[in-house]
Structure formats: C-alpha cells, structure tokens
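Heads up: numbering here begins at 1 and tracks the sequence. Just follow the structure's listing: the first ligand is 1, and inside any ligand the first atom is 1.
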Amino acid sequence: MEKPKLFIPGPTHVDSELLSSLAEYPVGHRSAQFSELYDEVVDGVQKVLFTSNRILLGTCSATGLMESAVRNTVQKRCANFVCGAFSKRWHEITASCGIECDSISVELGKATKPEAVREALETGKYDTITVVHNETSTGVMNPIAEIAEVVRDFPDVVLLVDMVSSMASVKVEVDKLGIDVALASVQKGWGLPPGFAVCSVSDRIFERSEQISNKGYYFDFKVMEKYAKKSQTPTTPSIPHMQGLRAQLARIFKDGLENRFQHHIKLAEEVRSWVRQKFDTFAESGYESNTVTCAGNPNGIDLIEMANRLLKRGYMISGGYGPLKGKTFRIAHMGNLQMDDIRDLLTTMDNVLDEM
Ligand SMILES: *Cc1c(COP(=O)(O)O)cnc(C)c1O
C-alpha cells in the first residue's frame, strides 16, 4: 500500500534518495572511517547552528537530550517557560529528575515574552532557564533572539533551548545569541527518519556538569565530551543516522543555508494565507511558526472527517495536540517539503472542503 505523504510535525517527509543514504554498509564505531564521518557531521551541524560550541550526538529522540540538558546544568533552580505541550513536558522532565524548578506559563496560543523572562530572572532564584523555540503543539514561534538578549543581562544564568521543530529549517545563530544548549531530534526540521538527536553545548555547561553528580552515564555530557574529543561517541551510535545526516548536510549546503531558511518562510506564508481564508491561525499574531501552522476551527468543520478524507487521497495532516485535540489541526511545512508539495496539499484540502 502507498504510504501517505507526511504533513505532520514529525516524523516529516523523507524522499527516497535521502532515505537510501541511511542504508549504507556500517563502519566500526572505533574506526578511523567513523571518526571521519563524525567530524563531517559535527562540522556541518556547527555551520547550521552558527556555533563553534561542541556538538554532541545522541542515539535517542530529542526528549533524551531535554532530560540530559537539565540534569547536567541546574545547580540552583530552573525556570521552565511553558507555552504548550512540549515546553510543559520539559518542566515535567525537570521536576521528575528531582531538580528544583518552576513552570512559568502563558495561555495556549500565546508566546513566551522577554519581559516575563526578565521578571523571573530578576528574582535571583534561577541559574537555568528552558525555552522551546518553536512550540509544535500551538504553532507558536517564541522570540528567541529577544529572550536571549534578556538572559545575557544575567551572566550566571544559562539558556537551554529546544529547537526540535525549527533546527535546520529556521535560522538561529547560537553563538551570537549566547544559547548554551540548542537541541533537536532529526525527524522534524532536519527531515530524516526518527531515532537520533543532536545538540550544541557551551563551555559553561561542561563546567557546570563537572560539578554535578548523579547524572547517570548515558546522558552525562562530560562522558560524551570525553569521547567527542576523540571524534567518537561513548556507546555504539545509530551510524545509519549519521550517514543520513552527512547526506542531508551535503544537500543543505548545496542548496545554500540561507536559501533553505528563506524557503521555509515562503512555505509558511503560503500555508498561513490559505489557513486564514478557510479557518484562522491559532498562534498569537506576530508569533506564528515558520515550520508548522496550527489552525483554529471557527466554522466548526468536522476536522476528523477532513483528515480522513485527506488520508484517503494520500496526505497526512495532524490533529490538535493535548488540550487542543478536536479544536485545532496542524500542517507542517518543515524539513524536505517543497512548494509543490504544499500547493498539492492545499488544492486537495480545497477539494475535500468543497465535498464536505
Ligand atoms: C517533537 C518535539 C519534541 C519531542 O521530540 P522527540 O524527538 O519525540 O523526543 C520536543 N519538543 C518539541 C518542540 C517537539 O516538536
């Protein structure tokens, strides 16, 4: 049976050429060939993130690195800024690790604002904050540059950023902004199959990690750093994903990094303008995501029926997440999707809505 084309916010569409790059014969993970692959991947990820910070590779989904980021970093107290399901998850992860933390939340559909970050940091209670750049559940893109600017006024505070659904699709200059940890899995903005994650880690995070005990082994940044210095990972990584990343990075640089970011802005504008004609956008005005659009349903259309009809025609979109289930739906425009894919989807959605 033909598989539907994915317009869901992860896993995202992978074309067959890219897919086949994950089917190379493996190399031994203590071999020179592996270290060459490792260095290529690390170098490429650094370029995409505009950083010279160390890149760590995780054979896990992004959630693994969300957990390791807080475990390796918080010595005093963590402020988790929450604006939807994934940012809320990071708070739950932090609390479940036994780390002192507070959730500072806004109404669903709203963005985390720099003023709220300043207000929290002025209390002097926190040494760490977590922010989700692109809240995939609500289609909100937080103003990360403005937030980072505030954090830079507090030299003892480190900034951990979930870039799961924006990395490699939206431009974020990690070093310029002073982001201490930027993390993502590869099945969203990177456009690869799921099962692998990457992050950039600043020196001050390694300094903190050095002083923290009980981090476990698999997600200890200091253990990962020790092997990274030899261009290796502590344990056997998903080598197919690294081969896939190498292929994807080559493609990204061939197309041009800036072109890729511009391309995603154009896709977002196309989807948003369609959504505004037929539905409405759920995200606060001015904070709409450039990789996923969350649509509200002002006319009470049967969203399940709509999604089912689309699926029969070979297109998979996504329903609302968590408390937004049944109230919103989401169209992803991240990763490998092209303008023709988006136009095909929107034309088909027009046809489906006419029939309903
Ligand atoms: C998907 C997603 C996650 C979880 O990623 P996994 O790779 O499934 O662990 C976390 N944060 C955001 C913003 C996401 O979109």
Side-chain angles (χ1 to χ4, degrees), residues 6-14 45 56-71 80-94 96-97 103 105-106 108-112 129-144 147 159-170 172 179 181-200 218-219 237-238 241 244-245 264 268 282-283 287-294 316-325 328-335 337:
L6 299 176
F7 293 85
I8 57 175
T12 55
H13 170 67
V14 192
V45 174
L56 298 178
L57 308 178
T59 296
C60 56
S61 80
T63 307
L65 293 184
M66 289 163 83
E67 181 162 328
S68 69
V70 289
R71 290 188 80 173
N80 305 114
F81 288 88
V82 173
C83 63
F86 292 105
S87 38
K88 181 163 177 252
R89 174 91 51 83
W90 215 353
H91 174 61
E92 289 161 358
I93 290 169
T94 311
S96 75
C97 289
S103 149
S105 60
V106 292
L108 290 182
K110 298 276 186 283
T112 293
I129 75 165
T130 69
V131 179
V132 169
H133 176 218
N134 192 70
E135 179 47 73
T136 318
S137 65
T138 59
V140 165
M141 200 155 72
N142 284 316
I144 196 64
I147 290 170
L159 172 59
L160 313 181
V161 184
D162 168 337
M163 288 178 41
V164 178
S165 58
S166 57
M167 192 186 286
S169 289
V170 177
V172 177
I179 295 173
V181 173
L183 64 89
S185 35
V186 298
Q187 77 277 14
K188 301 200 184 177
W190 281 103
L192 287 163
F196 202 68
V198 300
C199 63
S200 70
Y218 199 69
F219 291 122
S238 175
H241 276 99
L245 258 175
H264 285 96
F282 184 72
Y287 299 92
E288 298 92 345
S289 162
N290 281 336
T291 54
V292 58
T293 296
C294 183
M316 183 182 273
I317 61 164
S318 193
Y321 195 100
L324 298 175
K325 203 171 178 163
T328 62
F329 68 92
R330 293 168 301 155
I331 301 173
H333 28 88
M334 60 183 83
L337 289 167

- So which protein residues pack against ligand 1 under 4.0 Å, heavy atoms counted? S61, A62, T63, M66, F86, V132, N134, T136, D162, V164, S165, S185, Q187, K188
- Message: Quick check: do L57 and F196 have side-chain heavy atoms less than 4.5 Å from each other?
- Response: yes
- Does W190 reach the main-chain N or O of A168 with its side chain, forming a donor-acceptor pair under 3.5 Å? no
- Note on the structure: Residues at least two apart in sequence or cross-chain that pass side chain to side chain donor-acceptor pair (under 3.5 Å) with D162, listed by chain then number, are none
- Indicate yes or no for a side-chain donor-acceptor contact from E135 to the backbone of S87 under 3.5 Å, with no hydrogens or angles considered. yes
- Side-chain heavy atoms of T328 within contact of Y321, under 4.5 Å: no
- Can you check whether S165's main-chain N or O pairs, donor with acceptor, with T291's side chain at less than 3.5 Å? yes
